[in-house]
Novice: 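Sharing a structure here in structure tokens format.
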Amino acid sequence: MAKPKKKSSKSKKQSQSETSQLSLKEQLAQKRQANIAKKEFTSLLTAASFGGVFFGILLFFVGGIKVAVPGVLAIIILALSYKYPRQALFAFMIYVPFGGTITYYLGNSPVLQLAKDAFYVPALIGLWQSCRKQGLPFIIPQAIKTPMLILLGFCLLTLVFVNGGQQFNPPSVGPLQKAPEEFPIGLGILGLKVFLGYLPLIACAYYLIRNKKDFLLLSRLQVVLTLICCVLGVIQYLLLLTGVCQGTRGFEGDSLFRATLEARCYFGGSLLYSPEEGVIRLPGTFVAPWQWAWFLISSTFFTFATGFTDPSIFWRLIGLGSLASVFINAVISGQRIALALVPTCFVALLFLTGQIANLKRFIPIGIGLAIILGIAMVTNPTVVQERTESFTSRWEASPPQDFIIQQFGDNLKNVGPLGNGLGRATNSARSMGSTKLIETYYPKVMYEVGIVGVLGFLGLVTALTTSAFKTYRSIKNRNLRSHAAALWVFVLFISYNTYYYPLDVDPVAVYYWFYAGVLFKLPLIDKQEKESSEAQQTVKKKRPL
């Protein structure tokens, strides 16, 4: 009996030495790969820097330092984003909530308005090429492929026949009138980019997330970004409240009631702060106040998901703290729509995700949020009263449903079969030609691409929403399922919302498509977690006592 024991001990030693040798080889291979990656990064950065500086010198002679610096940065970012698409997409998501602040700190150049696309477009190209090489589908989910192609076909018809007709056969003007300087084709291209340009983010998000670790990193990053932005929003309010920033106090006439860039207070862009008139519209970290409002509304979904479903209690607390900061900013920002929709979305999420039934988790969270909001309301009673009165007075003066119906009626009269041209109601494309301000989304789409285009877009978002619902229902893991439910409710809400046009601008124009892609990846993560747990159970069963 003694001899077999010696053999077994020897075999154990041999296996341990083989394992150590293999691990050493693996370590050396990892070091070689790291060195190669470091050399590639250094050479790429050097080449991009030289190219950027050369290009920047040319731009300096054309437009000065304000044009040269963004040009140099753009060359470097474009090169790095193409080479490292995953890192570029993370940088893209970090940049979005701070884009307004960065733009105005660097001089408000028109180039800076498109700065985030320097991360997005090269990463998109690199990802598309990678999918082609590996034979992976780029349109995700496949259910949206047909309605997407149909809508794209309608848009191209509008671009060719309507925008093209305006370009090559402009309307005649009177003998003493000057023809407007326009570029309708460019207007249409920009309008199409705003309309469907971020739809590929679905695929970007899907391939960005490889496993549960990546998913948790992204969800936690979003919560941290929201918390930072909300803290800056509170600081902005306190700076205005204490008089460090004057806002629109002291302005005259209509200027007392209009957000303006002249009243900018350290973060973000245009703001309105005339407390003596009872009007406040803060932009937070964004360009305009209403973008801040929609950031707060959309952040309700993401902070709720992390606060209720993250496996770490630390990150659940961070998520709930971020959710509380969203509530606070909804009150102090002066945005009526945020004040109405943030608590409404929170209550809807409680029921639609099933968290209302999870009493062990819901009751402590509900009490905590109630205490935080109660303290905020008690310490700022006049602010709460002003916001409530402003909301009720606006609702009575112009109910949202009446406003939407009016917008449909006004624009239905002046719409041709293919619409009036892409970009004709897109504010961000106004540099290319005259645009019309339409404050509700589906009337705006109808004005640009006609009734058929609206039906095409409804078909696309319906296919996306239906696929998102089926995806969320297929997930078995409780936490992942609840997180997916929150994302599905967000997709559902934005798909059919027509009040204002959040899908046209940051951040909803990005978050809507991106987090739809995150949702579609969750079943695969669920499957990975199930296989991992089954493998662990198998190992435990085989392990000798």
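Just so we're clear, the structure is a prediction, and the values are computed from it rather than from any experiment.
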Novice: Looking at Val452, Leu151, Thr462, Val449, which one forms a side-chain contact (heavy atoms from CB on, under 4.5 Å) with Phe457?
Specialist: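 The single option meeting the side-chain contact (heavy atoms from CB on, under 4.5 Å) with Phe457 is Leu151.
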Novice: May I ask you to check whether Tyr447 and Asp410 show a side-chain donor-acceptor distance below 3.5 Å?
Specialist: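 Note: Tyr447 and Asp410 side chains miss the donor-acceptor criterion.
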Novice: Do the rings of Tyr515 and Tyr511 sit parallel, tilted or perpendicular, given the 30° and 60° boundaries?
Specialist: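 Aromatic pair Tyr515/Tyr511 classed perpendicular.
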Novice: Can you label the angle between the Tyr501 ring and the Trp290 ring as parallel, tilted or perpendicular, going by 30° and 60°?
Specialist: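 Rings of Tyr501 and Trp290: perpendicular, as their planes differ by over 60°.
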Novice: Can you list every pair that meets salt bridge (charged side-chain N to carboxylate O under 4.0 Å, His left out) and has a residue in residues 142-157, with sequence neighbours left out?
Specialist: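 Of all non-adjacent pairs touching residues 142-157, none passes salt bridge (charged side-chain N to carboxylate O under 4.0 Å, His left out).
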Novice: Do other residues, nucleotides or ligands put more than 12 heavy atoms under 6.0 Å from the CD atom of Gln87?
Specialist: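 Correct, the count exceeds 12.
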Novice: Please indicate whether Phe161 has more than 12 foreign heavy atoms, meaning atoms of other residues, nucleotides or ligands, lying under 6.0 Å from its CZ.
Specialist: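 Atom CZ in Phe161 is not packed in, count stays at 12 or less.
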Novice: Testing the basics here: between Ile144 and Leu199, what is the closest heavy-atom pair and its distance to 0.1 Å?
Specialist: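 Smallest heavy-atom distance, with atoms named: CD1-CD2, 4.5 Å.
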Novice: Is it possible for you to check whether Lys116 lies under 6.0 Å from the centre of the six-membered ring of Phe92, through NZ or CZ, and within 45° of that ring's axis?
Specialist: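 Negative - Lys116 is either too far from the ring of Phe92 or too far off its axis.
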Novice: Enter the distance from Phe520:CZ to Ser467:OG here, rounded to the nearest 0.5 Å.
Specialist: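 Output value for this atom pair is 5.0 Å.
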Novice: Strictly below 4.0 Å, N to O, side chains only: are Arg424 and Glu182 in salt-bridge contact?
Specialist: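 Salt bridge flag = yes for Glu182 with Arg424.
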Novice: Can you confirm whether more than 12 heavy atoms, excluding those of Phe351, are under 6.0 Å from its CZ atom?
Specialist: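 No, the 6.0 Å shell around CZ holds no more than 12 heavy atoms from other groups.
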Novice: Which one of Thr158, Asn411, Thr426, Asn163 satisfies the side chain to side chain donor-acceptor pair (under 3.5 Å) criterion with Glu448?
Specialist: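 That would be Thr426; it is the only one of Thr158, Asn411, Thr426, Asn163 passing the side chain to side chain donor-acceptor pair (under 3.5 Å) with Glu448.
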Novice: Hey, what do you get for OH (Tyr441) to CG (Asp504), rounding to the nearest 0.5 Å?
Specialist: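 Those atoms lie 5.0 Å apart.
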Novice: In terms of heavy-atom contacts, does CZ of Phe403 have more than 12 from other residues, nucleotides or ligands at under 6.0 Å?
Specialist: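 Above 12, so yes.
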Novice: Parallel, tilted or perpendicular: which describes the rings of Phe346 and Phe327, with under 30° parallel and over 60° perpendicular?
Specialist: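 Phe346 vs Phe327 ring planes: perpendicular.
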Novice: Do Phe286 and Phe295 have their ring centres less than 6.0 Å from each other?
Specialist: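 Centroid separation for Phe286 and Phe295: below 6.0 Å.
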Novice: Is the backbone N or O of Thr285 less than 3.5 Å from a side-chain atom of Gln291, with the two atoms forming a donor-acceptor pair by type?
Specialist: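 A pair under 3.5 Å: no.
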Novice: Check side chain to side chain donor-acceptor pair (under 3.5 Å) between Thr440 and all other residues, then give those that pass, not counting sequence neighbours.
Specialist: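 Per chain and number, Thr440 pairs via side chain to side chain donor-acceptor pair (under 3.5 Å) with Gln407.
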